[in-house]
Amino acid sequence: GTREHRFHFRLLGNGLFHAWLCQPQLDTPVIRLHPDPAMSLRRMGTGFALGLAALGWAWSREEHREAPVAAEVELLCDGDYYPRVRDLLQKARKDIHAVLYYIGDPRQERPKALLEALVDAKARGLEVTVLLDGPAEGGEDRNELPFAYLQSHGVPVAYDSPEVTTHTKALIVDGEIIVLGSANWTQGALKHNHEAGVLVHSPVLAKRLLEAFERIKKNGENRERKRK
């Protein structure tokens, strides 16, 4: 099996051995036989249950791990990101989904240009959704201005759950192109900072990422309803 499975087989075996034969001493390296057979049986049962649970967890992770996917990847470093993303937004044909940690002041040149590209895409009839990291309970709303800008221009925009930070900076365009990277949509990140990202062509990965976005959005909506 995998290294993870082999580790948990060892954990299972060690649990059985120590439960059946011995009483570990926390303050000394000596291990001695346990004099009480009933205690040994109880320890064996506990060790077996814990080891089996750990092994089942490993198998479960293995079964649910997504298979690797071949994809075409383009590296976006520093000044590559802004013009490439703006071009993608302007040329999108079907839909745009954005999940972003922080968008800067909509009055500044580069954040404004990307926000306008989203608004224009919506006006062209594309499906456009934006999910932003929202404020924690009683915390500062760093995305208040861009949220209001998008909402006032008819672009569906939502916050994530206040209990979790969404540090993602990602786009899915036309169900086949993903952009992931370090850059927030701020004037500094888009014009001055050293940033790195990738553009990935893969409908399979785009579908998986969109499913993850939907879960984040749903969690935010559920908790919003609970607060009302």
Side-chain angles (χ1 to χ4, degrees), residues 60-104 110-111 113-134 143 146-147 149-151 153-161 164-186 189-190 193 195-224:
S60 175
R61 286 191 63 195
E62 189 71 19
E63 289 172 1
H64 290 88
R65 185 172 294 145
E66 300 286 5
V69 174
E72 180 183 341
V73 180
E74 177 184 339
L75 183 64
L76 303 175
C77 285
D78 297 338
D80 299 335
Y81 178 92
Y82 169 71
R84 193 73 174 91
V85 167
R86 184 182 58 183
D87 187 62
L88 277 175
L89 298 178
Q90 291 172 344
K91 294 180 179 178
R93 304 181 311 277
K94 296 184 299 181
D95 50 62
I96 300 169
H97 302 279
V99 178
L100 300 165
Y101 175 67
Y102 181 29
I103 300 178
R110 296 199 172 184
L114 297 185
L115 289 169
E116 287 178 343
L118 292 176
V119 172
D120 290 343
K122 177 66 176 174
R124 296 199 311 271
L126 277 66
E127 179 186 358
V128 181
T129 63
V130 180
L131 181 63
L132 300 176
D133 183 60
N143 286 308
F147 188 101
Y149 178 91
L150 290 168
Q151 195 172 52
H153 287 82
V155 176
V157 56
Y159 283 139
D160 67 347
S161 165
V164 181
T165 297
T166 298
H167 203 244
T168 309
K169 299 100 173 181
L171 291 170
I172 302 174
V173 178
D174 292 336
E176 61 184 43
I177 298 174
I178 300 169
V179 181
L180 295 168
S182 63
N184 289 304
W185 282 17
T186 63
L190 297 172
N193 295 359
E195 304 283 356
V198 289
L199 187 152
V200 181
H201 293 261
S202 172
V204 174
L205 294 178
K207 182 176 182 293
R208 291 180 188 174
L209 189 57
L210 186 57
E211 289 170 354
F213 288 177
E214 290 298 324
R215 288 193 296 272
I216 296 172
K217 183 179 179 182
K218 184 177 180 180
N219 288 339
E221 290 172 348
N222 288 343
R223 292 193 171 101
E224 184 66 30

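All heavy atoms count here, side chains included; hydrogens, waters and symmetry mates do not.
Closest of all the heavy-atom pairs between Lys122 and Val155 is CB-CG2, 4.1 Å. Across all non-hydrogen atoms, the minimal contact from Ala117 to Leu89 is CB-CB, 3.7 Å. Between Ala71 and Ser202, the shortest heavy-atom contact is CB-CB, 3.8 Å. Heavy-atom minimum distance, Ala170 versus Leu180: CB-CD2, 3.3 Å.
Between Leu132 and Tyr101 there is no side-chain heavy-atom pair separated by less than 4.5 Å. Proximity of Val69 to Arg208: side-chain heavy atoms (C-beta onward) are separated by under 4.5 Å at one or more points. Between Leu171 and Val85 there is a side-chain heavy-atom pair separated by less than 4.5 Å. Two residues are said to be in side-chain contact when any heavy atoms from C-beta on lie closer than 4.5 Å; Ile178 and Leu199 fail this criterion. Taking the side chain as every heavy atom from C-beta outward, Asn184 and Leu100 never approach each other to under 4.5 Å. Side-chain contact between Val128 and Asp95 is absent, with no heavy atoms from C-beta onward closer than 4.5 Å.
Applying the side chain to side chain contact (heavy atoms under 4.5 Å, CB included) criterion to Glu72, with sequence neighbours excluded, gives His201. Judged as a ring pair (Phe, Tyr, Trp, His ring centres under 6.0 Å), and not counting sequence neighbours, the contacts of Phe147 are Tyr159. Listed by chain and number, the residues in a side chain to side chain contact (heavy atoms under 4.5 Å, CB included) with Val73 are Val198, Val200 (sequence neighbours excluded). A search for side chain to side chain contact (heavy atoms under 4.5 Å, CB included) contacts involving Asp120 returns Arg124, not counting sequence neighbours. Applying the ring pair (Phe, Tyr, Trp, His ring centres under 6.0 Å) test to Phe213 and every residue at least two apart in sequence or in another chain returns nothing. Listed by chain and residue number, Gln108, Gln187, Leu190 satisfy the side chain to side chain contact (heavy atoms under 4.5 Å, CB included) test with Pro111 (two or more places apart in sequence, or in another chain).
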For this session: Evaluate salt bridge (charged side-chain N to carboxylate O under 4.0 Å, His left out) for Arg215 paired with Glu211, printing each intermediate quantity in order.
Result: CA-CA 6 Å; Arg215 288 193 296 272; Glu211 289 170 354; 5.0 Å; no
For this session: Give the C-alpha distance, both sets of side-chain angles, the deciding distance and a yes or no for side-chain contact (heavy atoms from CB on, under 4.5 Å) between Val119 and Tyr149.
Result: CA-CA 10 Å; Val119 172; Tyr149 178 91; 3.9 Å; yes
Exercise. Could you go step by step and tell me if Leu88 and Ile96 meet the side-chain contact (heavy atoms from CB on, under 4.5 Å) rule?
Worked result: CA-CA 9 Å; Leu88 277 175; Ile96 300 169; over 6 Å; no
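Without hydrogens or angle criteria, Asp87 side chain to Arg84 main chain gives no donor-acceptor distance under 3.5 Å. A donor-acceptor pair is defined here as one N or O able to donate and one able to accept, closer than 3.5 Å; no such pair exists between the side chain of Thr129 and the backbone of His97. In this structure a side-chain-to-backbone donor-acceptor pair under 3.5 Å is missing from Asn143 to Gly134. Asp133 contributes no side-chain N or O that, together with a main-chain N or O of Asp160, makes up a donor-acceptor pair within less than 3.5 Å.
Taken to the nearest 0.5 Å, the CD1 atom of Ile172 stands 4.0 Å off from the CG atom of Leu209. Atoms CG and OG1, from Asn193 and Thr186 in turn, are 6.0 Å apart once rounded to the nearest 0.5 Å. Here CD1 of Ile103 is found 8.5 Å from CG of Leu114. Values are rounded to the nearest 0.5 Å.
Using a cutoff of 4.0 Å between basic side-chain nitrogens and carboxylate oxygens, Lys94 and Asp174 are not scored as salt-bridged.
Using modelled atom types and a 3.5 Å distance limit, the side chains of Trp185 and Tyr81 yield a donor-acceptor pair.
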